[in-house]
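Below: one structure, written as structure tokens.
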Protein chains: 2
Amino acid sequence: MIEVMPKKVDHQERRTLIADALMRVAADQGLEAVSLRHVAAEAGVSAGMVQHYFRTKDEMMAFALAVVRERGQLRVTEAMERLGPDPSPRLLLRTMIAALLPLDDRTRDDGRVALAYFAYTAVRPAVASSLRADTAQLTEFIASALPARNANAAAAAAGLLALMEGLGIYLLGGQYTAEQALAALDAHLDLLFGVDSA
Amino acid sequence: MIEVMPKKVDHQERRTLIADALMRVAADQGLEAVSLRHVAAEAGVSAGMVQHYFRTKDEMMAFALAVVRERGQLRVTEAMERLGPDPSPRLLLRTMIAALLPLDDRTRDDGRVALAYFAYTAVRPAVASSLRADTAQLTEFIASALPARNANAAAAAAGLLALMEGLGIYLLGGQYTAEQALAALDAHLDLLFGVDSA
DNA sequence: TGGGATGCAATGCAATTGCATTGCATAGAG
DNA sequence: CTCTATGCAATGCAATTGCATTGCATCCCA
């Protein structure tokens, strides 16, 4: 080690523990209910400790957002690995998108937090850049998996990703059921992959 | 008049004035910055007056949400009237959706507020019912305008609406430009209306 | 055995919050 | 004119906020 390490506690682990508590608070009381004391109470630690690991509230928020994004990516890679080798592009895309949708209670919480952060970053442009990078990466991947029949692959990919985001919103708001969302997704994939529906 | 009317101020007008101020605050500082005093200052009135017209903050928030929804509907009907008689279903849908997207600075503010409210209602289910009604009405209308070639009109309509919502999110977040969003919309309409793209 | 860095709790503080209360000016009804 | 309902401002208040500060206790390294 180059730096000294006078204590043994795992810094990153503590921060994640606190971020998890933050997300639990945000998921069922909204991001505006997130305060140092609330998060500390939810995490079962003292408020002082939260301050120790995050110098400002914004730093804590940014870290929690990073955790949410990582978890999303993890869900995607896990789902794709579960597919086995050489899946069809269509199944690949369906699996990836389904993994990102808040379809069950576990993922609903993450979705709520992500939604809250969308509103949050709309006002704090500095935090938004990482979200932008995620989106760009996803569209690129989607475009590469789309069949050649789509003339404008970039637009089609952007559309599919937007569809995913919108389905997520409506799932969280209770406008769509999981079945409805998946049906809409499949119908859209039918169009993209050229399944004639008549 | 059945009721007495001892004073002449227009109750509804004042409430709208205050709600407008609320939306200005929310649009550029986020919903969590909305407080009685902030809104009052933005509206150029005393905090006491805000309290006079809205007994609680939640009542004020709900009213402002209703105003946003009304403005959206107004934009849609105006855009559709501008189309003239008997537009093609495709143009009808494109116009309607474009009217709902935050494509310029004016509509961006409304979009930001709407987004903030999505996160807000995700935690306050009581306020969400009106949003649900809006969505149902829109999907029904969209489904009726889609060509018969789409086997599952309900799913296709739900998908188109979700696409719209997602485009809105990404427009607000700066992930998509207006051109990209419209290109994605048009590509999707191409698919729905069967324009072969090869 | 120091000694210095670190982990963490406790407390304080100014600012802000939503809301209740009070006071008063005014305008229409009688 | 009087009276009462209303419009609205001002103030107070307890609760909560983010953050700075302080004080120990603990552990690593020399």
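Lettering follows sequence order; numbering is per chain, from 1.
No donor-acceptor contact under 3.5 angstrom links the side chains of A/Thr107 and A/Asp110, judged on distance only.
Across the protein-nucleic acid pair, A/Glu13 atom CD and C/dG7 atom P stand 13 Å apart, rounded to whole Å. With rounding to whole Å, A/His11 atom NE2 is found 10 Å from C/dT6 atom P. Look at CZ on A/Phe54: it is 13 Å from P on C/dG7, rounded to the nearest Å. Atom CE of A/Met49 is separated from atom P of C/dC8 by 5 Å (rounded to the nearest Å).
Between A/Arg90 and A/Asp190, at least one side-chain N (NZ, or NE/NH1/NH2) sits under 4.0 Å from a carboxylate O, which counts as a salt bridge. Salt bridge present: A/Asp186 and A/Arg94 bring a charged side-chain N and a carboxylate O closer than 4.0 Å.
Remark: B/Phe63 engages B/Phe54 in a ring-ring contact (aromatic ring centres under 6.0 Å, His included) (not counting sequence neighbours).
Comparing D/dA9, D/dG7, C/dA9 by their nearest atom to the side chain of B/His52 picks out D/dG7.
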- Assign a letter to each nucleotide of nucleotides 14-19 of chain C from its 5' end: B, base within under 4.0 Å of a protein heavy atom; S, sugar-phosphate only; -, no contact. ---BBB

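Relative orientation of the A/Tyr170 and B/Phe118 rings is perpendicular, given thresholds of 30° and 60° on the angle between their planes.
At distances below 3.5 Å, at least one donor-acceptor pair connects side-chain atoms of A/His38 with backbone N or O atoms of A/Ala33.
The phosphate of C/dG7 (OP1 or OP2) has no side-chain N or O of A/Arg14 nearer than 4.0 angstrom.
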